Amino acid sequence: MDLPPSGVSLHTLISRGLLRPGATLHWARPQSGETHTAFLLADGTLALIDGTRHATPSGAASHVAGRPENGWHAWKTTNGNPISALRYGLAV
């Protein structure tokens, strides 16, 4: 499987109609028993429950995990698909 284009941002996904501002994303972490929630803002940033805002999915995931995480694979849409799947097939 090809890697998704790394230059595709959340803002790109919004502008292409693949995500909408206000979308709720979830990250279930069964090993720690935690589930995190992020809200997609119109500027393509993610807002977390603790009030922090993050420019990238990985920044948000790393913040809640306390260590580096790949947020494109961690955060999932309400239908359970990772947001990384939305980047496949998009030209940069």
Side-chain angles (χ1 to χ4, degrees):
M1 180 184 308
D2 292 334
L3 293 175
S6 61
V8 175
S9 67
L10 289 173
H11 191 267
T12 302
L13 297 179
I14 291 170
S15 67
R16 300 263 180 111
L18 297 171
L19 284 175
R20 292 185 178 179
T24 302
L25 304 175
H26 301 282
W27 180 22
R29 301 176 65 204
Q31 292 180 347
S32 67
E34 300 174 325
T35 298
H36 303 285
T37 302
F39 303 97
L40 181 61
L41 303 179
D43 64 0
T45 60
L46 291 175
L48 299 176
I49 298 294
D50 67 5
T52 59
R53 288 177 59 172
H54 301 273
T56 65
S58 294
S62 297
H63 175 78
V64 297
R67 66 172 191 260
E69 291 288 343
N70 184 333
W72 287 98
H73 296 294
W75 297 107
K76 295 185 175 30
T77 61
T78 54
N79 64 8
N81 293 324
I83 58 174
S84 62
L86 299 174
R87 296 195 311 173
Y88 285 95
L90 291 181
V92 179

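One is the number of the first residue; the rest follow in order along the sequence. The figures that follow rest on heavy atoms only: side chains count, while hydrogens, waters and symmetry mates do not. Keep in mind that what you see is a predicted model, and the values were worked out from it rather than measured.
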Item checked: Any donor-acceptor N or O pair under 3.5 Å, side chains Thr12, Ser9 -> yes
Item to check | Polar side-chain atom of Trp75 near backbone of Ala38 as donor-acceptor pair, under 3.5 Å | outcome: no
*asked:* Tell me whether Thr45 contacts the main-chain N or O of Ala55 through its side chain, where contact means a donor paired with an acceptor under 3.5 Å.
replied: no
Tell me whether [X] shares a hydrophobic cluster with [Y], the cluster being built from Ile, Leu, Val, Met, Phe, Trp, Tyr side chains joined at under 4.5 Å.
| X | Y | value |
| --- | --- | --- |
| Leu18 | Leu10 | yes |
| Ile14 | Leu25 | yes |
| Leu48 | Ile83 | yes |

Can you check side chain to side chain contact (heavy atoms under 4.5 Å, CB included) on Leu40 and Leu46, steps first, answer last?
-> CA-CA 5 Å; Leu40 181 61; Leu46 291 175; 4.0 Å; yes
Kindly indicate whether the side chain of [X], heavy atoms from C-beta on, has any atom under 4.5 Å from the side chain of [Y].
| X | Y | result |
| --- | --- | --- |
| Val8 | Leu86 | no |
| Leu19 | Thr77 | yes |
| Trp72 | Ser58 | yes |
| Glu34 | Trp27 | no |

field: Aromatic plane relationship, His63 with His54 - under 30° parallel, 30 to 60° tilted, over 60° perpendicular
entry: tilted
Nearest heavy-atom contact between Pro68 and Ser62 is CA-OG, 3.4 Å
